[in-house]
Peer 1: 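This is the structure, below, for whatever I ask next.
Sequential numbering from 1 along the given sequence is applied to the chain's residues.
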Amino acid sequence: MRHLALTVSYDGTRYAGFQVQKNALTVQAILQKTLRQILKENIRLLSSGRTDAGVHALGHLVSFKTASAISGGALKRALNSLLPPDVAVVKVESVPLSFHPRFDKALKTYRYTLRNHPSRSPFDRLYTTFYPRPLDLSAMKRAAGHFKGRKNFKSFQAKDKKERSSIRQIRRISVRRHSPYVFIEIEGNGFLYKMVRNIVGTLLEVGRGRRKPEEIRRLLLKKDRRFAGPTAPARGLCLLKVTHRSR
């Protein structure tokens with residue numbers, strides 16, 4: 001028995017997220033179906049996490065066990081010849097049988113992209129959120145600093161989801177401009193449902209002057225989703241990479 005890890009890139013526009021769902025098209029369902037077609041085995045993917053409908057990924061990590069002796073290179077070529085154009089496997093590697101892409105000391109990095117310009121672009125419409133209003137990036141950077149560290153992010157968790165714990169650790173968060181875009185990048189050990197998009201929506205309120213940067217500390221202490229900002233649209237969010245210390 002072998003354990004293989006796949007690094008997957010996808011355009012999430014037409015998918016109802018990564019995780020398998022009844023009566024909905026998902027990236028996991030497409031991958032499992034294609035792997036079964038190639039390997040002639042009942043493949044079940046383990047995932048480093050889930051993404052929401054419309055969210056993209058450059059480096060979503062998944063793994064599975066197989067009895068097949070196919071090489072990583074041959075499997076990658078076979079997958080990419082059969083997968084739809086909006087899903088691609090960028091790496092195949094062997095991992096220990098005990099490896100789990102979600103629980104083995106993972107760090108995830110997300111990037112949210114805004115087109116912060118008076119005019120929209122048809123070429124950006126699927127991968128950025130159009131935001132024509134002026135933004136105070138200095139205030140947004142000060143606000144972002146309050147998210148760093150191990151904290152209770154219940155105020156930034158979608159209220160229709162229940163997790164075992166809302167404690168997460170953000171290792172790094174940055175806000176930068178590369179005109180006409182603003183990038184918000186967040187690295188952490190895990191994220192609650194819609195947590196990144198809720199953080200972005202709150203930072204945008206700070207950028208518009210509707211909240212003060214120092215207010216973030218009080219929002220975290222309230223542990224109540226009703227007090228944080230709106231959920232930013234899915235299309236601006238991309239999972240950049242999943243890093244494991246054990247790999």
Peer 1: Is T128 reaching over with its side chain to a backbone N or O of F130, donor-acceptor style, under 3.5 angstrom?
Peer 2: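 Side chain of T128 to backbone of F130: no pair is present.
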Peer 1: So, for R208 and P134, which heavy atoms are closest and what is the spacing to 0.1 Å?
Peer 2: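 Looks like CD-O, 3.7 Å.
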Peer 1: Check K222 with D224, please: is the shortest side-chain N to carboxylate O separation under 4.0 Å?
Peer 2: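 Salt bridge between D224 and K222, a charged N being under 4.0 Å from a carboxylate O: no.
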Peer 1: May I ask you to decide if S68's main-chain N or O and R2's side chain share a donor-acceptor pair within less than 3.5 Å?
Peer 2: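 At least one qualifying donor-acceptor pair exists.
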Peer 1: Looking at A5, is its backbone amide N or carbonyl O close enough to the side chain of S63 to form a donor-acceptor pair, meaning the two atoms are under 3.5 Å apart?
Peer 2: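 Pair absent, no side-chain N/O of S63 close to backbone of A5.
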Peer 1: Within 45° of the six-membered ring axis of F183 and under 6.0 Å from that ring's centre, is NZ or CZ of R111 located there?
Peer 2: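 So R111 does make the cation-pi contact.
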Peer 1: Passes side-chain contact (heavy atoms from CB on, under 4.5 Å), L39 versus I70? Steps please.
Peer 2: CA-CA 8 Å; L39 300 175; I70 189 172; 3.8 Å; yes
Peer 1: For residues R176 and V182, determine if any side-chain heavy atom of one lies less than 4.5 Å from a side-chain heavy atom of the other.
Peer 2: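 R176 does not reach V182 side chain to side chain.
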Peer 1: Are L25 and R14 packed together at the side-chain level, in the sense that at least one heavy-atom pair is separated by less than 4.5 angstrom?
Peer 2: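 Yes, side chains in contact.
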Peer 1: Taking the side chain as every heavy atom from C-beta outward, state whether V92 and R77 have any atom pair closer than 4.5 Å.
Peer 2: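 Of all side-chain heavy-atom pairs linking R77 with V92, none is under 4.5 Å.
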Peer 1: Start with the C-alpha distance between K108 and E187, add both sets of side-chain angles, then the distance that settles salt bridge (Lys or Arg N to Asp or Glu O under 4.0 Å), and finish with yes or no.
Peer 2: CA-CA 6 Å; K108 298 175 185 175; E187 179 185 85; over 6 Å; no
Peer 1: Looking at T7 and G59, would you say the former's side chain and the latter's main chain have a donor-acceptor pair under 3.5 Å?
Peer 2: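 Not confirmed, T7 side chain does not pair with G59 backbone.
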Peer 1: Is there a side-chain contact between V242 and P101 in this structure, where contact means two heavy atoms from C-beta onward sitting under 4.5 Å apart?
Peer 2: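 The answer is no; the side chains never approach within 4.5 Å.
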Peer 1: Do T13 and D11 pass the side chain to side chain donor-acceptor pair (under 3.5 Å) test, and can you show the C-alpha distance, the side-chain angles, and the key distance before you say yes or no?
Peer 2: CA-CA 6 Å; T13 303; D11 175 340; 2.5 Å; yes
Peer 1: Is a donor on one side and an acceptor on the other found under 3.5 Å between the side chain of T129 and the backbone of L114?
Peer 2: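 No, the answer is negative, given that no donor and acceptor are paired below the 3.5 Å cut-off.
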Peer 1: Using 0.5 Å steps for rounding, measure from the NZ atom of K212 to the CZ atom of R217.
Peer 2: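 These two atoms lie 13.0 Å from each other.
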Peer 1: Answer with yes or no after comparing the ring centroid distance for Y127 and H56 against a 6.0 Å cut-off, counting only values under it.
Peer 2: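 For Y127 and H56, the ring centres are under 6.0 Å apart.
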Peer 1: Taking Y110 as the fixed residue, which of V200, L240, L237, I199 is the one that meets the side-chain contact (heavy atoms from CB on, under 4.5 Å) rule?
Peer 2: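 Per the side-chain contact (heavy atoms from CB on, under 4.5 Å) rule, the option paired with Y110 is L237, out of V200, L240, L237, I199.
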Peer 1: Quick check: closest heavy atoms across R168 and F191, and the distance to 0.1 Å?
Peer 2: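 Closest approach of R168 to F191, heavy atoms only: NE-N, 3.9 Å.
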Peer 1: For K241, does the NZ atom sit with more than 12 other heavy atoms under 6.0 Å from it, leaving out its own atoms?
Peer 2: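 No.
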Peer 1: Using only atom types and a distance under 3.5 Å, with no angle test, would you say the side chain of T202 pairs donor to acceptor with the backbone of A228?
Peer 2: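 Not at all, since once roles are kept as given, no pair shorter than 3.5 Å links the two residues.
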Peer 1: Side chain of Q32, backbone of L45: donor and acceptor closer than 3.5 Å?
Peer 2: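 Confirmed, Q32 side chain pairs with L45 backbone.
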Peer 1: Please examine the side chains of R36 and E41, heavy atoms only from C-beta on, and report whether any two atoms are closer than 4.5 Å.
Peer 2: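 Counting from C-beta outward, E41 and R36 never come under 4.5 Å.
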Peer 1: Can you name the closest pair of heavy atoms from G229 and E205 and give their distance?
Peer 2: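 Nearest heavy atoms, G229 then E205: CA-OE1, 3.7 Å.
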Peer 1: Okay, side chain of K151, backbone of K148: is any donor-acceptor separation there less than 3.5 Å?
Peer 2: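 Answer holds: yes.
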Peer 1: Is there a path of hydrophobic side-chain contacts, each under 4.5 Å between heavy atoms, that joins L126 and Y181?
Peer 2: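 No.
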Peer 1: Do R177 and N116 have side-chain N/O donor and acceptor atoms under 3.5 Å apart?
Peer 2: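 The criterion, which ignores hydrogens and geometry beyond distance, is satisfied for N116 and R177.
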Peer 1: Any ion pair linking K194 and D52 (charged N to carboxylate O, less than 4.0 Å)?
Peer 2: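 No, no charged N to carboxylate O under 4.0 Å.
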Peer 1: Check whether R197 reaches the backbone of A232 with its side chain - one donor and one acceptor, N or O, closer than 3.5 Å.
Peer 2: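 At least one qualifying donor-acceptor pair exists.
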Peer 1: Tell me, with the steps shown, if T231 and R225 meet side chain to side chain donor-acceptor pair (under 3.5 Å).
Peer 2: CA-CA 10 Å; T231 305; R225 174 69 187 95; 3.2 Å; yes
Peer 1: Any side-chain donor-acceptor pair under 3.5 Å between Y15 and T51?
Peer 2: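 No.
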Peer 1: What heavy-atom pair brings V20 and A29 nearest, and what distance separates the two atoms?
Peer 2: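 Where V20 meets A29 most closely, the heavy atoms are CG2-N, 3.8 Å.
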Peer 1: Side-chain contact test, heavy atoms from C-beta onward, threshold under 4.5 Å: evaluate it for L35 versus L6 and give yes or no.
Peer 2: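 The answer is yes, as the side chains (C-beta and beyond) meet within the 4.5 Å cut-off.
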Peer 1: If you measure only the distance, is there a donor-acceptor pair under 3.5 Å linking the side chains of H60 and S47?
Peer 2: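 A pair is found: one side chain offers a donor N or O, the other an acceptor, under 3.5 Å apart.
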Peer 1: Assess R133 against Y131: is NZ or CZ under 6.0 Å from the centre of the six-membered ring, and within 45 degrees of the ring's axis?
Peer 2: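 Because its charged atom sits under 6.0 Å from the ring centre and within 45° of the axis, R133 does stack over Y131.
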Peer 1: Using the rule given for side-chain contact (heavy atoms from CB on, under 4.5 Å), can you reason through H3 versus S94, listing the C-alpha separation, both sets of side-chain angles and the distance that settles it, and then say yes or no?
Peer 2: CA-CA 6 Å; H3 197 177; S94 294; over 6 Å; no
Peer 1: Side-chain contact, heavy-atom cut-off 4.5 Å: L192 with F156?
Peer 2: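 No - every pair of side-chain heavy atoms lies 4.5 Å or more apart.
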Peer 1: Do side-chain atoms of Q21 reach the backbone of A16 as a donor and acceptor pair under 3.5 angstrom?
Peer 2: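 Yes.
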Peer 1: With clusters defined by side-chain heavy atoms of hydrophobic residues (ILVMFWY) lying less than 4.5 Å apart, directly or transitively, does V90 cluster with I30?
Peer 2: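 Each belongs to a different hydrophobic cluster.
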Peer 1: Between F147 and F153, what is the ring plane arrangement, given parallel below 30°, perpendicular above 60°, and tilted in between?
Peer 2: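 F147 vs F153 ring planes: parallel.
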Peer 1: Can a donor-acceptor pair be found between the side chains of R142 and S138 at a distance below 3.5 Å?
Peer 2: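 On atom types as modelled, these side chains qualify, holding a pair under 3.5 Å.
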Peer 1: Begin from the C-alpha positions of F18 and L31 and carry the test side-chain contact (heavy atoms from CB on, under 4.5 Å) through to its verdict.
Peer 2: CA-CA 10 Å; F18 179 82; L31 280 169; 4.0 Å; yes
Peer 1: Return yes when atom CZ of R172 has more than 12 non-hydrogen atoms of other residues, nucleotides or ligands closer than 6.0 Å, and no otherwise.
Peer 2: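 Result for CZ/R172: enclosed.
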Peer 1: I'd like to know whether L75 forms a side-chain contact (heavy atoms from CB on, under 4.5 Å) with I38, so could you lay out the CA-CA distance, the side-chain angles of the two residues, the decisive distance to 0.1 Å, and finally the verdict.
Peer 2: CA-CA 8 Å; L75 179 59; I38 295 167; 4.2 Å; yes
Peer 1: Does any part of the side chain of V55, heavy atoms only, come nearer than 4.5 Å to the side chain of C238, both counted from C-beta?
Peer 2: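 No - every pair of side-chain heavy atoms lies 4.5 Å or more apart.
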